[in-house]
Trainee: 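Let me give you the structure first, and then I'll get to my questions.
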Amino acid sequence: MEYKLKTIAEVLQKGGLFQIVMDPEYRDGLIELEGFSYIQVLWWAHQTDSEEMRKLLMFEKPYCKGPEKVGVFATRSPVRPNPVAVTAVSVISIDRDRGIITVPYIDADPGTPVLDIKPYHPCTERVREVSVPAWCNHWPEWLEDSADFPWEEEFNF
């Protein structure tokens, strides 16, 4: 079965910040988003989108402290059967007239197509009792702490 997705925006980088620039037809969708301090951005990992990459379901030791093999669904890798990625980002500002959401950082490259934007709601996105495997339980507990974490020491690539 096939499904049709439409790009609603594009990621750009400007002056050390990132912008999510909405296509004009979707700008009205930003109404009342201003009150949210965080949003979730669903984006298409277009740079890893190939038939060959979509078939990769297992990775050989992608994490330095991880197991020898890890399945794609136990990673946040952009290499996936459907290269859809999601990132929670802090909102610096929203210019509804120009259709620009400015964020400090997003792990998508400039030119990345955005599929959807959702407000971050603590009541539906956050859970109290979370467990993760031992190989990643030393990772930061909170998004805000991730910026200072030495991620380069975690990955084998």
Side-chain angles (χ1 to χ4, degrees), residues 5 7-23 30 33-34 36-95 99-157:
L5 297 172
T7 299
I8 63 162
E10 179 180 4
V11 174
L12 298 178
Q13 190 172 8
K14 191 171 187 178
L17 297 174
F18 288 81
Q19 295 180 330
I20 299 164
V21 181
M22 305 297 296
D23 290 351
L30 297 175
L33 189 61
E34 295 95 343
F36 291 92
S37 62
Y38 281 82
I39 57 174
Q40 293 186 69
V41 181
L42 284 83
W43 48 277
W44 194 262
H46 66 294
Q47 294 179 329
T48 61
D49 188 5
S50 70
E51 286 303 315
E52 183 178 303
M53 296 282 216
R54 285 175 175 237
K55 292 177 184 174
L56 294 175
L57 298 178
M58 189 268 309
F59 302 100
E60 300 285 335
K61 196 151 179 76
Y63 305 106
C64 296
K65 298 173 183 164
E68 293 303 313
K69 294 181 180 180
V70 177
V72 68
F73 303 123
T75 76
R76 292 188 55 105
S77 170
V79 176
R80 319 188 71 73
N82 291 304
V84 175
V86 61
T87 305
V89 295
S90 172
V91 175
I92 293 174
S93 65
I94 297 175
D95 182 335
I100 298 173
I101 303 170
T102 302
V103 301
Y105 178 78
I106 185 168
D107 57 346
D109 293 321
T112 296
V114 173
L115 302 175
D116 202 1
I117 295 167
K118 298 180 185 296
Y120 177 89
H121 284 280
C123 69
T124 57
E125 270 67 73
R126 188 173 60 181
V127 294
R128 280 191 189 99
E129 313 250 344
V130 175
S131 63
V132 297
W135 55 266
C136 64
N137 69 3
H138 64 283
W139 292 0
E141 184 176 352
W142 299 102
L143 176 65
E144 294 85 354
D145 299 333
S146 291
D148 298 324
F149 187 76
W151 289 108
E152 65 280 356
E153 297 173 11
E154 298 295 316
F155 301 101
N156 285 323
F157 56 82

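Reckoned from all heavy atoms, side chains included, excluding hydrogens, waters and symmetry mates. Computed from a predicted structure; not experimentally measured.
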Trainee: Is there a side-chain contact between I8 and D23, using heavy atoms and a 4.5 Å cut-off?
Mentor: no
Trainee: Looking only at heavy atoms, which two atoms of T48 and P78 are closest? And how far apart?
Mentor: OG1-O, 3.0 Å
Trainee: As an exercise, state the distance from CG of N156 to CD of E60, rounded to the nearest 0.5 Å.
Mentor: 11.0 Å
Trainee: Using atom types as modelled and distance alone, determine if a side-chain donor or acceptor of D145 lies under 3.5 Å from a backbone N or O of P140.
Mentor: no
Trainee: Any non-hydrogen side-chain atom of V41 less than 4.5 Å from a side-chain atom of I101?
Mentor: no
Trainee: Determine the minimum heavy-atom distance between I106 and V11, stating which atoms define it.
Mentor: CG2-CG1, 3.9 Å
Trainee: Indicate the ring-plane relationship of Y63 and F155, choosing parallel, tilted or perpendicular according to the 30° and 60° boundaries.
Mentor: tilted
Trainee: Working to the nearest 0.5 Å, report the span between CH2 of W44 and CG of N82.
Mentor: 5.0 Å
Trainee: Identify each donor-acceptor pair in which a side-chain atom of residues 64-77 lies under 3.5 Å from a protein atom, sequence neighbours left out, and give them as a table.
Mentor:
residue, atom, partner, partner atom, Å
T75, OG1, V72, O, 2.9
T75, OG1, S77, N, 3.2
R76, NH2, V86, O, 2.6
S77, OG, V79, N, 3.0

Trainee: Looking just at side-chain N and O atoms, do T87 and W43 make a donor-acceptor pair shorter than 3.5 Å?
Mentor: yes
Trainee: Locate the shortest heavy-atom distance separating L33 from P119; write the atom from each residue and the value.
Mentor: CD1-CB, 4.3 Å
Trainee: Which value, rounded to the nearest 0.5 Å, describes the distance between F36 atom CZ and I117 atom CD1?
Mentor: 13.0 Å
Trainee: For the CD atom on E152, are there more than 12 heavy atoms of other groups (residues, nucleotides or ligands in this structure) within a distance under 6.0 Å?
Mentor: yes
Trainee: Can you tell if the side chain of I39 reaches within under 4.5 Å of the side chain of I20, non-hydrogen atoms only?
Mentor: yes
Trainee: Apply the test side chain to side chain contact (heavy atoms under 4.5 Å, CB included) to residues L143 and Y38: give CA-CA distance (whole Å), side-chain angles for both, the deciding distance (0.1 Å), then the verdict.
Mentor: CA-CA 11 Å; L143 176 65; Y38 281 82; 3.7 Å; yes
Trainee: How close do L57 and P81 get, heavy atom to heavy atom, and via which atoms?
Mentor: CD2-CG, 3.8 Å
Trainee: Please round to the nearest 0.5 Å and tell me the distance separating atom CD of E154 and atom NE2 of H138.
Mentor: 3.5 Å
Trainee: Salt bridge (charged side-chain N to carboxylate O under 4.0 Å, His left out): which pairs involve residues 117-143, sequence neighbours left out?
Mentor: D116-K118
Trainee: Between the side chain of T7 and the main-chain N/O of P113, is any donor-acceptor distance below 3.5 Å?
Mentor: no
Trainee: Working note: W151 + S146, criterion side chain to side chain contact (heavy atoms under 4.5 Å, CB included); need CA distance, chi angles, decisive distance, verdict.
Mentor: CA-CA 8 Å; W151 289 108; S146 291; 4.0 Å; yes
Trainee: Just how far is it from atom CG of L56 to atom CE of M53, taken to the nearest 0.5 Å?
Mentor: 6.5 Å
Trainee: Return the CD to CD1 distance between Q19 and I100, rounded to the nearest 0.5 Å.
Mentor: 4.5 Å
Trainee: Side chains of S37 and Y120: closer than 4.5 Å at any heavy-atom pair?
Mentor: no
Trainee: So which heavy atom on G99 is nearest to which on L30, and how close?
Mentor: CA-CD1, 3.9 Å
